[in-house]
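Okay, structure first, notes after.
By convention in this document, chain letters (A, B, ...) are assigned in the order of the sequence lines, proteins followed by strands, and residues within each chain are numbered from 1. The analysis underlying the following values was restricted to heavy atoms, covering all of them including side chains, and did not include hydrogens, waters or symmetry mates. All values derive from a computational prediction rather than experimental measurement.
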Protein chains: 2
Amino acid sequence: MTTDCKACPLRSQPIFDDMTQDELEKTRRFKSGELAVDPGTPILMEGSNAPQLYTALRGMGLRYKTLPDGNRQVINFIFPGDFIGLQASMLGEMGHSVEATTHMTLCVFDRGDFFDFFRSSTARAFDITWLAATEEHFLGDTLATVGQRDAISAIAWAFVRIFQRAETLGLVRNGVMPFPFKQQDVADALGLSLVHTNKTLARLRERQLLAWSDNTLKIHDLAELATVADMELEAVKPRPLI
Amino acid sequence: MTTDCKACPLRSQPIFDDMTQDELEKTRRFKSGELAVDPGTPILMEGSNAPQLYTALRGMGLRYKTLPDGNRQVINFIFPGDFIGLQASMLGEMGHSVEATTHMTLCVFDRGDFFDFFRSSTARAFDITWLAATEEHFLGDTLATVGQRDAISAIAWAFVRIFQRAETLGLVRNGVMPFPFKQQDVADALGLSLVHTNKTLARLRERQLLAWSDNTLKIHDLAELATVADMELEAVKPRPLI
DNA sequence: CGAGGGTTTGATGATAGTCAAAGTGAGTGG
DNA sequence: CCACTCACTTTGACTATCATCAAACCCTCG
């Protein structure tokens, strides 16, 4: 019923590092099951000390923080292959919430086994640290755009990043990718109001840089979008998959 | 001449986890020397693949990113005990630059030894991952304030955080701590202009919440400052020291 | 057909950015 | 010891980006 790690559809994507048989076997044992959730389902709550961690296998979701005044900051968008819940395992408590945007299926791991898994191979421990360091890296980029770019650059930046991530996961066909989020989500990710996001999006559309509707995003001119964003395109590096 | 880890002045601060003799000894061997730098000295450059990593022993500094248009985003302020350069070790390249604000002395570690050190004990590997996860956690908080709070809340938030960090390091006496940064640094950390930061700072001063001059920060009313920031005060947890 | 979630548009106003210039204080050199 | 410079802070005036408010529009769904 559940996907065997041996047949994991993610692992075959070129973006993911190869695994040794041994690692594969250990990961398989670490995996305790699968979770299928409907759109809108909360997966982890900020401040919670969740007993489980996950890897997104299919579907998309959001990480976000809610401030005392009720404002929401979207930390990032969750794509297949993302490891979820590391903070709870390492720090005993999540710094943000996670929820499913589409229907999702997640590989479930038991926190009680996490330490053993971490210890089971130095390479895997390294992988986990790599993931944490990479998150930090990307968050720094995000912080820089939210702090420094104006609305049109920020939105262009976000879509370039999103599109590139999707490409590495094989989600893009003919310049089109699934993007099942709301304008409000993008607004909350970039610290912009919904109205302003909408109007800025309209400008990008008018400039023929992208089209986004019906949960589908089409990038017409990635290079020009990157120019609007005033960003340097980064090389894509292979990454580990847990 | 250099500080022996056994006599490390940081380790005795209650905020830092105890180390076993074995860990202490391994850390000692990992440490390859000390670096003393003057204010303004660049320590690591964004994009560089530095051969060394550091732990801040004394002094303060900045992590920041520079955008193509020349704008600068300060990622955070570096305090004693901070581990610097993990990204280069894990990802092969720094996502941000680091520079000294005051005179600093740094423990130097060789990147070539990093993997061995990481492997030398699971507890240490865990510590390193813990640090990465914690950075991610704090960065998420920062992103939320830059994205969602207005200037006065954001600045109040920043000073509460800074003050609390300083307290854990024993840097506060009578509500006063060293804070050797410029208004421009704070502005760049929060995505605000220098002028607006200055005027907002003046408002906080007029409200008798804080005083900051001569590289010295005095918090008059931390609770009220936290109220202005609309933040919940977090419990302080012990943390590892590398 | 009405309800509800999401998107779009217009109008208005405030927060924050930009520009410019003056003030302050430490450090330097004549 | 007194200009003079330089880095940083402060203030005022003006501008604009972006938030807020409100309402219409569009689609899907029951």
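- Pairs of residues two or more places apart, or lying in two chains, that qualify as side chain to side chain donor-acceptor pair (under 3.5 Å) and include a residue from residues 179-207 of chain B are B:R72-B:D185, B:R72-B:D188, B:Q183-B:N198, B:Q184-B:D188.
- Interface limits on DNA chain C: the 5'-most and 3'-most nucleotides within less than 4.0 Å of chain B heavy atoms are C:dA16 to C:dC19.
- Less than 4.0 Å separates DNA chain C from no heavy atom of any residue of residues 141-150 of chain A.
- Of all heavy-atom pairs between A:A226 and A:V160, the closest is N-CG2, 3.8 Å.
- Between the side chain of A:R111 and the backbone N or O of A:A50, at least one donor-acceptor pair lies under 3.5 Å.
- Closest of all the heavy-atom pairs between B:A56 and B:M104 is CB-CE, 3.8 Å.
- Looking at residues 194-218 of chain B, you'll see B:V195, B:H196 sit with a heavy atom under 4.0 Å from some atom of DNA chain C.
- The shortest distance between side-chain heavy atoms of A:D82 and A:R165 falls below 4.5 Å.
- Using a 4.0 Å cut-off between charged nitrogen and carboxylate oxygen, A:K237 and A:E234 do not count as a salt-bridge pair.
- Without hydrogens or angle criteria, B:R149 side chain to B:A156 main chain gives no donor-acceptor distance under 3.5 Å.
- Listed by first and then second residue, the ring pair (Phe, Tyr, Trp, His ring centres under 6.0 Å) pairs involving residues 56-77 of chain A are A:F77-A:F179, A:F77-A:F181 (not counting sequence neighbours).
- Contacts between chain A and DNA chain D, taken as any atom within less than 4.0 angstrom of a protein heavy atom, begin and end at D:dC18 to D:dC21.
- Between B:T102 and B:G59 the shortest heavy-atom distance is OG1-CA, 3.3 Å.
- B:T168 approaches B:I15 most closely through the heavy-atom pair O-CG2, 3.3 Å.
- Among the candidates A:Q73, A:H96, A:K65, the single residue satisfying the side chain to side chain donor-acceptor pair (under 3.5 Å) test with B:D141 is A:K65.
- Between A:A133 and B:A132, the closest heavy-atom pair is N-CB, 4.3 Å.
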